[in-house]
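Chain letters run A, B, ... following the sequence lines, proteins first and then strands; every chain starts at 1.
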Amino acid sequence: MTPPEAPRSDAGRMPPAVSSCPGVKASSKMSVLRKRSDFLAAARAQRQGTGSMMVQGRDRRDGDGAIRVGFTCSKKVGNAVARNRAKRRLRAVARELLAAEGKSGWDYVLIGRADETATRPFEALKRDLCYALRKLAGQG
RNA sequence: GCGGAGGGCCGGAUGGCCGCGGCAUCCCCCAAAGGGGUGACGAGGAAAGUCCGGACUCCACAAGACAACGGUGCCGGGUAACGCCCGGCUGGGGUAACCCAAGGGAAAGCGCCACAGAGAAGAAACCGCCCGUCGCACCUGCGGUUCGCCAAGGGAGACUGCGCACGGGUAAGGGUGAAACGGUGGGGUAAGAGCCCACCGCGGGACGGGCAACCGGACCGGCACGGCAAGCCCCACCGGGAGCAAUGCCAAAUAGGGACCGCGCGUGGGGACAGGUCGGGCAACCGAUACCGCCCGCAGGCACGUCUUGGCCCGGCGGUCCGGGUUGGCAGCUAGAGGGGCGUUGGCAACAACGUCUCAAGAGGAAUGGUCAUCCAACCCCGGAUCACGGUCCGGGGUGGACAGAAUCCGGCUUAUAGGCCCUCCGCGCGC
RNA sequence: UGGGGUGUAGCCAAGUGGUAAGGCAUCGGUUUUUGGUACCGUGUACCGUAGGUUCGAAUCCUACCACCCCAG
């Protein structure tokens with residue numbers, strides 16, 4: 001099912017250039033995951049790690065074309081301030097890219113990492129998400 | 001100028017671009033849902049820890065109780081209340097400003113005080129000191145002898161010395177310990193001792209001051225009453241229990257567990273059917289004149305126009321209650337002991353009263369942001385100037401923002417916190 | 001939101017006011033040709049942190065820190 005898994009160090013390597021990830025106006029409505037069962041379902045599906053985040057993706061297969069996304073951070077990220085900041089940056093980067101790069105009908109869950117999610121430059125954060133979305137699309 | 005003490009305040013600023021939350025309003029729309037536009041508002045001094053106190057809601061009880069358990073603990077005041085705050089007292093620390101204290105009761109009782117030490121709780125008597133007796137030391141000497149001495153018995157006994165000896169006196173000295181039953185000096189004595197005296201300490205205390213804690217204290221007592229209650233405990237005061245995942249309402253959906261009740265007294269006639277009561281079984285009874293449906297009366301019940309079938313067991317259906325159990329929505333949900341400013345009055349103060357102006361997040365996998373630029377602190381580097389060699393000032397460059405995110409609300413406490421600002425006071429030094 | 005527990009040597013741990021047990025591990029030695037095993041010996045603790053009560057605290061009290069568990 002999964003193609004030959006890239007070694008762990010691959011996650012830190014430079015993702016595809018930003019120019020290949022043009023920011024396009026949202027074509028479909030993006031809504032937010034709110035139920036625990038949705039998060040658990042996504043966690044069982046495919047995942048792709050990068051230097052600054054972990055991305056989980058799942059094809060809902062319910063006929064609805066909407067892209068849904070959830071954000072979460074474990075306690076390992078830090079205190080409430082650090083967790084909230086990480087989720088806000090993930091939310092900002094998802095809002096810019098997900099409508100264009102995500103596959104319709106999928107659920108995505110973005111998981112923050114300690115330090116990296118909060119401190120990585122915004123452009124690099126965008127490259128990480130773009131890279132992860134393409135890997136997931138390729139796997140699917 | 002240096003060092004220190006106390007208190008208060010701030011917690012980066014501005015502007016682009018892209019966004020988020022509920023609210024108000026307008027538009028699209030028959031309406032709802034949904035979408036769009038506009039507007040003001042949108043984290044903290046600790047929002048944190050969840051350590052106290054309340055509001056609020058439900059449960060329990062019926063007065064306010066008692067017991068148990070838990071908490072608080074100098075006195076007075078403030079407060080809705082508090083374990084908080086203010087003022088005072090006492091004790092301790094500091095040259096001082098000031099700081100610290102769970103600070104009631106140890107003559108209600110129980111318990112503990114290791115080791116060391118004579119003795120550790122209604123004191124004790126080891127060494128020592130003193131008195132007396134006896135023995136030895138003096139004289140004599142039965143005897144024995146390793147010839148150094150040992151020694152029964154008798155005498156003298158004033159002084160002195162000695163004793164694993166005995167009987168008393170004593171608690172000054174010694175040493176132990178965290179703590180040893182007043183201290184220092186003098187008198188006194190056989191030696192000593194509050195035995196007596198002076199001062200200090202201690203206990204009681206008329207009376208005076210103070211709301212009180214407490215303070216002062218004539219006078220009296222030769223001195224007793226060790227410490228620990230953050231050991232049990234006693235005393236006084238406070239506390240019914242649970243918590244917004246409380247609680248109330250609405251909708252949908254799953255499983256059909258447990259308990260209880262009901263399935264409705266009848267009666268006469270007509271008429272039809274072959275088996276008969278809600279279903280099954282058993283027993284009984286009846287059966288072509290039974291019996292139900294049906295029709296007509298009587299009586300009774302209530303839902304008022306319908307119902308009214310005998311026994312036992314099992315089941316079924318309906319209802320009520322209890323229990324298990326899934327999900328979503330709405331309310332609770334933010335205007336209240338509310339915060340802030342100014343003023344007046346009372347009070348030393350905490351605070352209170354009144355007047356006036358002003359401010360006001362309500363999320364719910366959880367909004368209050370992302371990004372860029374400029375500036376302001378801070379830190380580092382380089383160059384220059386000055387200097388009391390600690391530093392200060394000017395210019396340029398770089399890094400770059402403490403602790404930390406509302407979750408029903410409020411009053412406190414505690415803890416974290418880069419850096420900065422202000423006020424008052426104390427000590428020392430210098431100048432005028 | 002409410003409740004409970006733990007913290008002692010590198011690891012596991014006993015100790016409930018009076019010198020901080022024990023085991024494993026480490027290190028040294030004996031035995032063995034060597035290693036292992038066995039035996040003997042040795043060191044290692046500011047008892048989670050900071051205050052307080054007490055003559056004396058791992059132990060009692062208060063505050064804080066970290067971790068774990070339970071209920072709705």
Of the candidate nucleotides B:G365, B:A43, B:A406, which contains the atom at the shortest distance from the side chain of A:Asn84?
B:A43
Syn or anti for B:G45, please, going by whether the chi angle lies within 90° of 0.
syn
For B:G167, the nucleotide meeting Watson-Crick or G-U wobble distances (both under 3.5 Å) is B:C131
Closest to side chain of A:Ala92, choosing from B:G370, B:A406, B:G365
B:G370
Roughly, in whole Å, what's the span from CZ in A:Arg88 to C1' in B:G19?
13 Å
Under 4.0 Å from OP1 or OP2 of B:G405: is there any side-chain N or O of A:Asn79 that close?
yes
Mind checking what makes salt bridge (charged side-chain N to carboxylate O under 4.0 Å, His left out) contact with A:Arg83, not counting sequence neighbours?
none
Assigned chi class of B:G148 under the 90° convention is syn
Residues at least two apart in sequence or cross-chain that pass side chain to side chain contact (heavy atoms under 4.5 Å, CB included) with A:Asn84, listed by chain then number, are A:Lys87, A:Arg88
Integer angstrom distance from the P of B:C238 to that of B:C61
25 Å
Between B:A224 and B:G122, how far apart are the C1' atoms? Round to whole Å, please.
12 Å
Can you figure out which of B:G405, B:G370, B:G369 approaches the side chain of A:Phe122 most closely?
B:G370
Min side-chain heavy-atom separation A:Ile67-A:Tyr108 under 4.5 Å:
yes
I'd like to know if A:Lys126 and A:Glu123 make a salt bridge, using a cut-off of under 4.0 Å between side-chain N and carboxylate O.
yes
OP1 or OP2 of B:A366 less than 4.0 angstrom from a side-chain nitrogen or oxygen of A:Arg91, does that happen here?
yes
Are side-chain heavy atoms of A:Arg127 and A:Tyr131 found at a separation under 4.5 Å?
no
Determine if the base of B:G390 is syn or anti; take syn to mean the glycosidic torsion is within 90° of 0.
syn
Does B:A43 adopt a syn or an anti glycosidic conformation, taking syn as a chi angle within 90° of 0?
syn
Send over the distance from A:Asp128 CG to B:G370 C1', rounded to a whole Å.
17 Å
Specify the separation, in whole Å, of atom CZ of A:Arg89 and atom P of B:C20.
19 Å
Taking any heavy-atom pair under 4.0 Å as a contact, classify A:Arg83: base, sugar-phosphate, or nothing.
nothing
